[in-house]
Amino acid sequence: MTPLLSVLDRKLLRNLGTLRGQVITIALVVGAGIATYVTLQGTWDSLIYSRDAYYERYRFAEVFARLKRAPDAVADRVGAVDGVAEVDTRVTEIVNLPFPDEPEPAAGQILSIPSDGSQPAMNQVALQSGRWPAPGRSDEILLLDNFAKARSISPGDELTVIVNGTRRDLSVTGTALSPEFVFAMEPGNAMPEPDGFAVIWMFEEAVAAAFQMEGAFNGLVLRLQPGASEAAVIDAVDRILEPYGGFGAVGRDLQESNYFLSEEIGQLEQLATMVPLIFLGVAAFLLNVVLSRLIHLQRSQIAALKALGYADLQIGMHFLKLVSVVVVIGAVLGIVTGWYLGRGLTDIYTQYFHFPVLRYRLDWRVAMLGIVISLAAAVIGSAIAVRQVVRLPPAEAMRPPAPDAMRLDLPAGVVGALDSPTRIILRSV
């Protein structure tokens with residue numbers, strides 16, 4: 001290490017000790033900004049990663065259609081539509097689930113699954129506990145996992161369901177999740193109630209027999225070919241299903257669960273952009289104030305350094321190094337705090353959005369970007385003060401700074417009516 005750097009580094013340490021109160025304050029503000037960024041950006045990244053992986057692995061459909069009733073042969077016509085890659089029909093109905101000592105029954109939705117015990121072609125089911133229903137058993141079902149937990153229902157328990165006006169006791173063999181119900185909410189309800197809405201997966205033969213839908217379907221899901229026009233496919237599907245009481249097909253973006261999940265992810269992304277900027281803007285302002293005051297107090301030291309041959313760039317970098325130390329301290333504190341808070345925020349989201357796996361994941365690129373953003377904000381905030389150092393001639397720096405020109409821009413009559421203390425206060429303002 002050269003003597004030049006050794007002298008400046010010792011001066012840097014002295015400055016940090018002298019300004020420890022301001023250093024701690026600014027580091028905490030920077031840390032708050034980085035912690036907010038790491039918390040929100042990491043949670044946003046975790047939700048995006050979990051959603052995309054979940055949708056891909058369990059083959060989440062891209063178009064959804066509901067209708068009153070159509071024969072199975074209509075599905076072939078839908079499959080022939082240009083742009084459709086895959087079609088899956090199903091039978092689905094809304095049911096009631098009465099519970100003892102509760103005046104109002106819980107709502108539920110029955111969805112058919114293949115009677116041979118295989119997974120549906122789309123919107124597949126992620127088993128969370130228990131087992132799959134045994135083929136041939138019309139009384140065995142899978143139950144939505146978050147409803148089962150809210151109601152303390154375990155595999156092997158019986159669930160009473162009013163199916164098409166008939167009271168039936170069904171055996172819960174397992175609990176499950178599906179990408180179709182990441183955000184499970186009763187149709188027409190404004191808020192999700194984990195214990196108020198159930199999803200029941202039941203063999204297609206049993207569901208069709210219960211609702212007189214043998215050889216027919218009232219629900220349709222599609223996957224599209226790469227590059228296909230979703231709008232054109234939806235128009236064609238609506239024309240085919242209109243004679244059968246079609247309610248209008250919708251794309252994935254308007255599917256209820258995905259819509260609420262996407263809206264929350266979008267809001268989280270906006271917060272991850274705006275909120276940290278507020279903290280970092282305040283930190284930049286504070287750095288400019290502190291550094292300007294420090295330079296004002298160290299004019300004679302700066303002049304001496306320049307007179308001894310230190311270059312303007314070296315002295316300017318010395319003050320930028322001071323800023324960087326403060327920012328790095330705040331950034332490290334912010335990353336650690338953000339990681340801890342991000343895990344907590346992700347755990348909160350698991351109460352509303354249900355994935356097979358949702359864990360907070362801190363991408364190192366998020367942490368590095370947070371440090372870079374904070375350093376950029378600090379450099380911008382201190383640029384004016386550092387520029388004063390670089391442009392200050394040694395001879396001028398050795399003299400006390402000229403007092404600020406103070407003038408009161410008011411009519412002479414108004415100024416004359418004010419006493420001296422008031423005029424001094426107004427000029428200072």
May I ask you to check whether [X] and [Y] show a side-chain donor-acceptor distance below 3.5 Å?
{"X": "Asn164", "Y": "Thr166", "value": "no"}
{"X": "Asp139", "Y": "Ser171", "value": "no"}
{"X": "Thr346", "Y": "Ser46", "value": "no"}
{"X": "Tyr349", "Y": "Glu264", "value": "yes"}
{"X": "Glu93", "Y": "Asn218", "value": "yes"}
{"X": "Ser138", "Y": "Glu205", "value": "no"}

message: Distance to the ring centre below 6.0 angstrom and angle to the axis at most 45 degrees; does that hold for Arg51 and Phe355?
response: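 That pair does not qualify as a cation-pi contact.
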[X] atom [atom1], over 12 foreign heavy atoms within 6.0 Å:
{"X": "Trp132", "atom1": "CH2", "answer": "yes"}
{"X": "Glu214", "atom1": "CD", "answer": "yes"}
{"X": "Arg69", "atom1": "CZ", "answer": "yes"}

Of Ser178, Pro120, Pro179, the residue whose pairing with Tyr58 passes side-chain contact (heavy atoms from CB on, under 4.5 Å): Pro179
query: Testing Leu144, Leu143, Ile141 for side-chain contact (heavy atoms from CB on, under 4.5 Å) with Trp201, which one passes?
result: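 Only match with Trp201 under side-chain contact (heavy atoms from CB on, under 4.5 Å): Leu144.
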Is it true that [X] and [Y] make a salt bridge, defined as a side-chain N closer than 4.0 Å to a carboxylate O?
{"X": "Arg167", "Y": "Glu158", "answer": "no"}
{"X": "Asp145", "Y": "Lys149", "answer": "yes"}
{"X": "Arg90", "Y": "Glu180", "answer": "yes"}

field: Heavy-atom pair of closest approach, residues Met122 and Glu86
entry: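 Closest heavy-atom pair between Met122 and Glu86: CE-O, 3.8 Å.
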query: Do side-chain atoms of Gln255 reach the backbone of Asn258 as a donor and acceptor pair under 3.5 angstrom?
result: yes
